[in-house]
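Below is one structure, written out as structure tokens, with a few remarks after it.
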2 protein chains.
Amino acid sequence: MITPISLFNASCTECGLKKLCFPLGLDKADMLRLDAIVKRKYPLQKGDALFTTGQPFQAVYAVRAGGFKVSTVSASGEDQISGFYLPGDILGTDALATGNHISTAIAIDTTTVCEVPFQDLERLASQLPSLNHQLLSLMSKELADERMHAELLSRKSAEERLTLFVLWLSRRQERRGFSGTEFRLGLLHRDVALYLGLTPETVSRILARLAEEQVFSWRNKQIEIFDLQALIVLAGESQHEKTNSPRAQCG
Amino acid sequence: MITPISLFNASCTECGLKKLCFPLGLDKADMLRLDAIVKRKYPLQKGDALFTTGQPFQAVYAVRAGGFKVSTVSASGEDQISGFYLPGDILGTDALATGNHISTAIAIDTTTVCEVPFQDLERLASQLPSLNHQLLSLMSKELADERMHAELLSRKSAEERLTLFVLWLSRRQERRGFSGTEFRLGLLHRDVALYLGLTPETVSRILARLAEEQVFSWRNKQIEIFDLQALIVLAGESQHEKTNSPRAQCG
DNA sequence: GTTAATACTTGTTCTGAATCAATTTTAACG
DNA sequence: CGTTAAAATTGATTCAGAACAAGTATTAAC
């Protein structure tokens, strides 16, 4: 259960997500300094934009509850989804190079974030080497995630893509201390299809078949994994490969 | 013509690529400090690895001449190519998050690099805010490139992928002050096919057709563009879209 | 300079996923 | 709560590009 008010009030030192946001090297004093520059915002409603393409870069954001889909509008008007950001993830760093956001972040649920003004963060980071390293590390992880995404898109079959995606989510849930076999995901099948480079029809068909085969089901925003081993095999991860997650900036 | 010895001796202050590597904010004094930590290495031969998957992270590298293909080995043994790094580009930052390289960089030609030990770089960056910002900006650009790669893989047809790739190269050449219509590229068609998520056969067929149609030719490592406008149309960039490059860390 | 290996080309067949189309289900809103 | 719009499902058809195969051209090695 989400309790927006208490989350809204929580500071970094008290936040249950702090180990996710800044896993390394900040002692209590440093944490308080970080805390001082973080602004906790009122919840965004489903469909609200956190930032949009072209907006000047002001801050990075940590997801506390809910989530975002981040997309770029392509020539044809259809948007390509580059990633999903769930609690503990940090987003907005895409704007760093140009000073303007190159993508749009839309809340997929009622969502609360911490806003970290980037100027302040950069100034603080210049005084706290470990925070600075953490920042670089964060971006490096994003890059690794995006590469995995690209690999998925270029070499995997539709079934592999979908099962791999669910497997990533499952592992992510577990890493966060939640059930890896039963969880909620407030994403449209359509959005997942876009992310995976597939059509909604194909996703629907594969979901139907995998439910039939008792591997997992995904209905009404609820995912339930019946046969994790089968899922691993279908995802092509049976006896090899790295166990990275698709979006693990803060894990 | 490459003259390895003179390149080998050049320092950052004299280097023709310095505007590419560090476009922002370093004055002469700062540049000298950076120069002091950079190690210029003897040339690598074609096929040599600059770093390989799993190796501990020691340094980032700036390409001076030649180039690299960066790939990750997938389950099946085939490797997925995540990018190409040409003169002026900086590579190696993928290892930052984990402390170990998650990919392998292979020289595609006789190649010279500057090695920048990361510990030194990070220490220096903590004293030079503009260098630190530059580092973050670099990673942000890499991320943007990887997203463009993912978008190309998920939504573009084979012809669009290939023409877009050539267009990116062309623009990159121009930005570097070289001819955008006639240049050398020491890549195998096979590697480009892997990068684009296609088979060598498909690449070969499309190249044959585009040469036939007098759009561009690519034979014996030499690319020649006959009809840039047609190329732009085929790449699906006719009257819209951003003009980013695929690998523009230093441009 | 000859040989061996690797890369590239070209043709044919086949298939996975897109596309088109028609319902059914779910969510949104007054 | 009923109405309407959006999303998801299911089916039929099509097609772009993969896979397979067999040749030719380059490049590398000795």
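Below, read A as the first sequence line, B as the second, and so on, with proteins coming before strands; counting in each chain starts at 1. The structure displayed is predicted, hence computed values, not measured ones. Both backbone and side-chain heavy atoms feed into the values below; hydrogens, waters and symmetry mates do not.
Taking every heavy atom of both residues into account, Leu198(A) and Arg155(B) meet most closely at O-NH2, 3.5 Å. Here the closest heavy-atom approach between residue Ala158(A) and residue Thr202(A) is recorded as CB-CG2, 3.8 Å. Contact between Gly67(B) and Leu86(B) at its shortest, heavy atoms only, is CA-CD2, 4.3 Å.
We find that CG of Leu196(A) is positioned 15 Å from C1' of dA18(C), with the value rounded to whole Å. For the pair Trp218(A) CH2 and dT25(C) P, the interatomic distance rounds to 20 Å; values are reported in whole Å. Residue Leu207(A) contributes atom CG, which lies 13 Å from atom C1' of dA7(D) at whole-angstrom precision. To the nearest angstrom, P of dA17(C) lies 11 Å from CG of Leu162(A). For Arg190(A) and dA27(C), the CZ to P distance is 16 Å, given to the nearest whole Å. Atoms CD1 (Ile108(A)) and P (dA27(C)) sit 15 Å apart, rounded to a whole Å. Residue Arg155(B) contributes atom CZ, which lies 8 Å from atom P of dA18(C) at whole-angstrom precision. One interatomic measurement links the two molecules: CG of Leu194(B) to P of dC8(C), which rounds to 11 Å at whole-angstrom precision.
Every residue two or more places apart in sequence or in another chain that forms a side chain to side chain donor-acceptor pair (under 3.5 Å) with Thr181(B) is listed here: Ser179(B). Applying the salt bridge (Lys or Arg N to Asp or Glu O under 4.0 Å) test to Glu115(A) and every residue at least two apart in sequence or in another chain returns Lys41(A). Legend: residues meeting salt bridge (Lys or Arg N to Asp or Glu O under 4.0 Å) with Glu182(A), ordered by chain and number and at least two apart, are absent.
Thr52(A) and Thr104(A) share no donor-acceptor pair across their side chains, judged by distance under 3.5 Å alone.
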Under 3.5 Å donor-acceptor pairs involving side-chain atoms of residues 214-222 of chain B, not counting sequence neighbours:
none

TODO: Assign a letter to each nucleotide of nucleotides 15-30 of chain D from its 5' end: B, base within under 4.0 Å of a protein heavy atom; S, sugar-phosphate only; -, no contact.
DONE: --SSBB-----S-S--
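For the helix from dG1(C)-dC30(D) to dG30(C)-dC1(D), the rotation axes defined at the first and last 5 base pairs enclose an angle of 70°, given to the nearest 10°.
Ring geometry for Tyr195(B) against Phe84(B) counts as tilted: the plane angle lies between 30° and 60°, on a 0 to 90° scale.
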